[in-house]
K.L.:
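Take this structure, written in structure tokens, and hold onto it; I'll ask about it next.
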Amino acid sequence: MKAYVFPLSPNARKVMAVAAHLDLPLDYQVVDLTKGESRTPEFLKLNPNGKMPVLVDGDFVLWESNAIMQYLASQKPNGLWPDDAQVRADICRWQCWQLSEWMPACGPLLWENLLKAMLQQGSPDGKVVQNAEANFLRTASILDQHLAQRDYLVGDDVTLADLAMAAPLEYAAAAKMPWASHEHLQRWYARIDALPAWQKTKPRMG
Ligand SMILES: N[C@@H](CCC(=O)N[C@@H](CS)C(=O)NCC(=O)O)C(=O)O
């Protein structure tokens, strides 16, 4: 299977971490987003949205990171995606929430406080940052409360839900995400950060 990724991206990390955790050999093709490589005619044939990650397995082409995570985790029995309808629905619920609530909360802070400077796109917009911080605090509190009595988002061990949610937090400090008072969330992230698959796929700058 071939995966098209830009390894610095949290969405790529989600896919790479699953493959690392399950020891699935993926043939990686880097799509350099700083060079517009996701907008070439060849790449747009794989994903008309012009976005990575994309997985190619023979004739089967799959985009959307959460769908790719589930497909990879379906390759063999494992605890990331247990074969139980209710557990899978619970994991999928958190993956949906990750896309609909968590990424929109983290994304503007990643852009304003980190990417803008990296890409020389000017300084952070104070008003956008203020709104983004409020949204981050609202959503982070939901996670913090959920994690107050548990070590992982679903069940007693790491699942796809954790790997999906953890991805943007790699940049929590650099993007100035205000999570200092969310101690349960921080403790949970430290647990994910310690996983060999998370360490192995840590983005390397430069
Ligand atoms: N919902 C998609 C989002 C993917 C996405 O936003 N990818 C971004 C980088 S994080 C991208 O490839 N952007 C390239 C572009 O817009 O040209 C997923 O989860 O896979």
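Computed from heavy atoms alone, side chains included, the values below leave out hydrogens, waters and symmetry copies. What you see is a predicted model; the values in this text were computed from it and never measured. Along the sequence shown, residues carry numbers from 1.
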K.L.:
Can you list every salt bridge (charged side-chain N to carboxylate O under 4.0 Å, His left out) pair that touches residues 177-187, not counting sequence neighbours?
P.N.:
Glu183-Arg187

K.L.:
Are the side chain of Gln29 and the backbone of Ala3 linked by a donor-acceptor contact shorter than 3.5 Å?
P.N.:
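Answer holds: no.
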
K.L.:
Determine whether a donor-acceptor pair (N or O, by modelled atom type, separation under 3.5 Å) exists between the side chain of Glu37 and the backbone of Val31.
P.N.:
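No, Glu37 side chain to Val31 backbone: no donor-acceptor pair under 3.5 Å.
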
K.L.:
One pair to check against side chain to side chain contact (heavy atoms under 4.5 Å, CB included): Ile192 and Tyr152. What are the steps and the verdict?
P.N.:
CA-CA 9 Å; Ile192 305 303; Tyr152 299 96; 4.2 Å; yes

K.L.:
Among all residues two or more places apart in sequence or in another chain, which pass the side chain to side chain donor-acceptor pair (under 3.5 Å) test with Asn49?
P.N.:
Asn47

K.L.:
If you draw a 6.0 Å radius around NZ in Lys202, do more than 12 non-hydrogen atoms from other residues or ligands fall strictly inside?
P.N.:
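Atom NZ in Lys202 is crowded, with more than 12 foreign heavy atoms closer than 6.0 Å.
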
K.L.:
What side chain to side chain donor-acceptor pair (under 3.5 Å) pairs are there with at least one residue in residues 120-135, not counting sequence neighbours?
P.N.:
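Only Asn135-Arg138 qualify under side chain to side chain donor-acceptor pair (under 3.5 Å).
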
K.L.:
Could you tell me whether the side chain of Asn113 and the main chain of Ala175 form a donor-acceptor pair under 3.5 Å?
P.N.:
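Looks like yes, one N/O pair under 3.5 Å.
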
K.L.:
Is Leu26 reachable from Leu160 through a run of hydrophobic residues whose side-chain heavy atoms are each under 4.5 Å from the next?
P.N.:
yes

K.L.:
Who pairs with Tyr71 by ring pair (Phe, Tyr, Trp, His ring centres under 6.0 Å), at least two apart in sequence or on another chain?
P.N.:
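In terms of ring pair (Phe, Tyr, Trp, His ring centres under 6.0 Å), with neighbours along the sequence ignored, Tyr71 is linked to Phe60.
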
K.L.:
Tell me, please, which residues at least two apart from His146 pass ring pair (Phe, Tyr, Trp, His ring centres under 6.0 Å).
P.N.:
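Only Trp94 meet the ring pair (Phe, Tyr, Trp, His ring centres under 6.0 Å) criterion with His146.
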
K.L.:
When you measure from the side chain of Ser38 to the backbone of Gly50, do you find a donor-acceptor pair of N or O atoms at a distance under 3.5 Å?
P.N.:
yes

K.L.:
Only counting residues at least two apart or in another chain, list the ones meeting side chain to side chain donor-acceptor pair (under 3.5 Å) with Ser181.
P.N.:
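Here no residue qualifies.
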
K.L.:
Using the test salt bridge (charged side-chain N to carboxylate O under 4.0 Å, His left out), find all partners of Asp57 that sit at least two apart in sequence or belong to another chain.
P.N.:
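For Asp57 there are no salt bridge (charged side-chain N to carboxylate O under 4.0 Å, His left out) partners, ignoring immediate neighbours.
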
K.L.:
Can you list every pair that meets salt bridge (charged side-chain N to carboxylate O under 4.0 Å, His left out) and has a residue in residues 70-90, with sequence neighbours left out?
P.N.:
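Sorted pair list: Asp90-Arg93.
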
K.L.:
Just to verify, what does Thr40 make a side chain to side chain donor-acceptor pair (under 3.5 Å) with, not counting sequence neighbours?
P.N.:
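Residues passing side chain to side chain donor-acceptor pair (under 3.5 Å) with Thr40: none at all.
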
K.L.:
Applying salt bridge (charged side-chain N to carboxylate O under 4.0 Å, His left out), which residue pairs with at least one partner in residues 142-159 are found, sequence neighbours left out?
P.N.:
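As it turns out, the salt bridge (charged side-chain N to carboxylate O under 4.0 Å, His left out) pairs with a partner in residues 142-159, which skip direct neighbours, are Asp151-Arg191.
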
K.L.:
Write out all pairs satisfying side chain to side chain donor-acceptor pair (under 3.5 Å) with one or both partners inside residues 12-23, taking only residues at least two apart or from two chains.
P.N.:
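For residues 12-23, and leaving out neighbouring residues, the side chain to side chain donor-acceptor pair (under 3.5 Å) pairs sorted by first residue read Arg13-Glu170, Arg13-Thr201, Lys14-Ser65, Lys14-Asn66, Lys14-Gln98.
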
K.L.:
Holding to side chain to side chain donor-acceptor pair (under 3.5 Å), I want the full list of residues that pass it with Gln145, two or more places apart in sequence or in another chain.
P.N.:
none

